[in-house]
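In this chain, numbering begins with 1 at the start of the sequence shown. When a ligand or atom number is given, it counts from 1 through the structure's own listing order. Side chains are part of it too, since the values below use all heavy atoms of this structure and drop only hydrogens, waters and symmetry mates.
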Amino acid sequence: MTLSSSAFHALFKSSSRFSWKSTEKLQLTLAGSIEKTGVGLHSGKVSTVKIRPHFAGGGRCFESQSRFVPASIDYVEESPLCTTLSKDGYRVRTVEHLLSALEATGVDNCRIEVVDLDAGDGDVEVPILDGSAGEWVEAIEGVGLKVAKDACGNSLEKMAPYLDEPVHAWRNDSFVVAFPSSQVHISCGINFPHVPSIGCQWFSASIEYDSFYKREIAPSRTFCIYEEVEKMRSRGLIKGGSLENALVCSADKGWVNPPLHFDEEPCRHKALDLIGDLSLFARCGSQGLPVGHIVAYKSGHALHAGFLRCLL
Ligand SMILES: [Zn+2]
């Protein structure tokens, strides 16, 4: 290792609320590079994402020429309906689905370049693709993973944050609460009483990485309420939204573009978003998702970030 073992472990400061522990796995990175092009959900602009291998301890990092922003809670900027990272005027929007796929498939270290020829390199958005994380997972599996090495050719162990006491964050009637547990368990609830086709849904599962996520969570697409589309467009949002990249549900008429991939697909998508947002707790190639039973009800990106800040 470049760092001595004690110097490496000194980077992981536990608090009264959680402890960094070894997962007894080595940090991984991609075995090759990924490139995908598509439209941004909110900007409506076409961009290309290039994901490359990164050294052990480097973590996940967005970059563009000389600018970069680590995929970390330290750089989350409040933004409506998506998660945005921002540093020194470099802003990357809608990072949550890509980060969810990277976290769940164990891509601990990678460099992510988002190229939007219109926007220069200052303000970019990760393409929405089909609205799920399925295409990212397929692309990651397509190139495969390998053990990440640091500058001296050594591997590093993968740490994870284990909860030591209950932690909660709430806003109005929305909340995220997490309890200590020996494994990651997620329970997500949503409630749309005015949209009967969605209504109240719960999805609860132990997140066994790899195949479970790929099969049961990654294919879940983002969704919106038909009657709210015009209001969101007038706020400059979802300019790139279409029936090809989001499920749309009308309060009166039900699903506009079925079939769904799962009966409770909207709720599973909330689990996908939660994993992506909580992955921002990662540091130096660690796992981001806290090890515990995490219960989220009517939560969104801002509350997920608020929860991580409570944990810190
Ligand atoms: Zn989402």
- Task: Determine which pairs satisfy side-chain hydrogen bond (donor to acceptor under 3.5 Å, both in side chains) with at least one residue from residues 171-180, sequence neighbours left out, and list them in order.
- Result: D173-K298
- Other than F262, what residues sit in its cluster of Ile, Leu, Val, Met, Phe, Trp and Tyr side chains whose heavy atoms are under 4.5 Å apart, directly or through others? none
- Task: Pick out which of F12, Y162, F281, F179 makes a ring-ring contact (aromatic ring centres under 6.0 Å, His included) with F18.
- Result: F281
- For Q183 and V291, indicate whether the former's side chain and the latter's backbone hold a donor-acceptor pair under 3.5 Å. no
- Criterion side-chain contact (heavy atoms from CB on, under 4.5 Å) against I51, the qualifying member of L98, T29, V143: L98
- For R111, enumerate each residue passing the salt bridge (Lys or Arg N to Asp or Glu O under 4.0 Å) test, keeping only those at least two apart in sequence or located in another chain. E63
- Sorted by chain and number, protein N/O/S atoms nearer to the Zn ion (ligand 1) than 2.8 Å are H97 NE2, H269 NE2, D273 OD1, D273 OD2
